[in-house]
Amino acid sequence: DFRSGPMVHAVESASLQGHVTPEGVRRAGFEMGEHFSGSAQLDVDYDRFVGGRAQVNIDLDLDRAALSIPIWSKKAGQEANASVELGLDHGQISSIENIRAVGPDLLIDGHAETAAGMARRLILRGFHVGRSMGNASVMLPVHEKDPIGVNVAAKVLDLSPLVSFQTTPDSPASARAATRQGSTGYHVPEMASGRVKGPPGRRWNLNVDAQTLYYSQKDVLTNVHSHL
């Protein structure tokens, strides 16, 4: 539809469906390690409007995927979904809205502030990840040596997976998700860099306010205020 009209009238639309696998992710240049197995269904809808603006809706069905990251995991067959809406202005990202992830013990809802076509700050409203519940913001680096800044204000913050979940070498995400409850230790550097060995990754600045902080499955600290 190439007729002229008001800004809300789409002059061009397109849809894309894709089947995402660990092999395809690696071929695209992203290394997921052993954190992802199985498959996911990707749906992308694009609408361009008069005046150079456009919207891209991205939806990822994760029901058939097994995922294992330091703070959350799911087995293949458990329902999960992630989605986001991108606003474009003459080909540059102008807005990132309705960031949403839903799954077992998982609810994330937020948006990102943008500048010069790049995301600058991620804002999460009322996240629920495992036992953790609160609000968070992530300041994304502009330059190569800039740190990642994280601010968390949580009613409950569970850090026990970061210090109590030890990955098994070369184990697939499906096995790690299945055995998560019986795990005994996670190497903390992987929290920030995704790897246990190798050179240090980017610096992180962490500001945490938590009413209750779990540092093991049962042990807690209360009224925690920390800057790292």
Side-chain angles (χ1 to χ4, degrees), residues 12-48 54-88 91-104 106 108 110 112 114 116-120 122 129 138 140-144 146 148 161 165-180 186-187 189-202 204:
E12 183 179 35
S13 298
S15 295
L16 170 69
Q17 290 78 43
H19 190 64
V20 182
T21 63
E23 295 76 13
V25 171
R26 281 193 290 269
R27 285 197 301 269
F30 298 96
E31 184 52 58
M32 293 295 294
E34 300 300 329
H35 300 299
F36 168 40
S37 65
S39 64
Q41 185 66 34
L42 175 67
D43 290 289
V44 180
D45 292 316
Y46 168 83
D47 290 299
R48 183 172 64 84
Q55 180 172 306
V56 181
N57 296 331
I58 302 173
D59 185 271
L60 193 59
D61 184 337
L62 298 166
D63 290 2
R64 297 183 180 180
L67 301 170
S68 180
I69 59 177
I71 59 173
W72 182 75
S73 66
K74 70 171 289 291
K75 303 174 185 178
Q78 292 181 302
E79 294 185 358
N81 179 271
S83 58
V84 63
E85 296 178 5
L86 305 179
L88 305 179
Q92 277 200 331
I93 294 176
S94 58
S95 66
I96 303 175
E97 300 291 340
N98 296 322
I99 300 170
R100 189 169 177 83
V102 181
L106 176 70
I108 292 175
T114 62
M118 299 289 291
R120 295 301 184 216
L122 174 65
V129 182
V138 180
L140 302 175
V142 177
H143 305 292
E144 183 178 352
D146 290 347
I148 297 172
F165 179 62
Q166 181 64 46
T167 59
T168 302
D170 301 323
S171 62
S174 55
R176 288 162 59 180
T179 60
R180 180 67 175 268
Y186 197 91
H187 200 284
E190 192 165 346
M191 172 181 67
S193 65
R195 58 183 181 273
V196 172
K197 298 180 180 179
R202 189 184 294 273
W204 290 57

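Bear in mind that the values here come from a model prediction, so they are computed numbers and not experimental data.
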Donor + acceptor pair across side chains of Asp45, Ser15 (<3.5 Å):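 Result is yes, a qualifying pair exists.
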Testing the basics here: between [X] and [Y], what is the closest heavy-atom pair and its distance to 0.1 Å?
X      : Y      : result
Phe36  : Thr21  : CE2-C, 3.6 Å
His143 : Asp146 : N-OD2, 2.9 Å
Gly18  : Gln41  : O-NE2, 3.2 Å

Any sub-3.5 Å donor-acceptor pair from [X]'s side-chain atoms to [Y]'s backbone N or O?
X     : Y     : result
Ser68 : Ser73 : no
Lys74 : Ala65 : yes
Asp63 : Ala80 : yes

So Leu88 and Ile93, side-chain contact (heavy atoms from CB on, under 4.5 Å) or not? Walk me through it. CA-CA 5 Å; Leu88 305 179; Ile93 294 176; 3.9 Å; yes
Check whether any side-chain heavy atom of [X] sits under 4.5 Å from a side-chain heavy atom of [Y], and report yes or no.
X      : Y     : value
Val44  : Leu42 : yes
Asn81  : Leu60 : no
Pro161 : Trp72 : no

By side-chain hydrogen bond (donor to acceptor under 3.5 Å, both in side chains), which residues pair with Asp43, not counting sequence neighbours? none
Which value, rounded to the nearest 0.5 Å, describes the distance between [X] atom [atom1] and [Y] atom [atom2]?
X      : Y      : atom1 : atom2 : value
Gln78  : Leu62  : CD    : CG    : 11.5 Å
Ser37  : Leu67  : OG    : CG    : 7.5 Å
Ile58  : Asn98  : CD1   : CG    : 12.5 Å
Glu85  : Ser95  : CD    : OG    : 8.5 Å
Leu140 : Thr114 : CG    : OG1   : 11.5 Å

Heavy atoms from other residues, nucleotides or ligands near CD of Glu97 exceed 12 (cutoff 6.0 Å):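 For Glu97, atom CD is crowded (more than 12 foreign heavy atoms under 6.0 Å).
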Could you check whether atom CZ of Arg120 has more than 12 heavy atoms from other residues, nucleotides or ligands sitting under 6.0 Å from it? yes
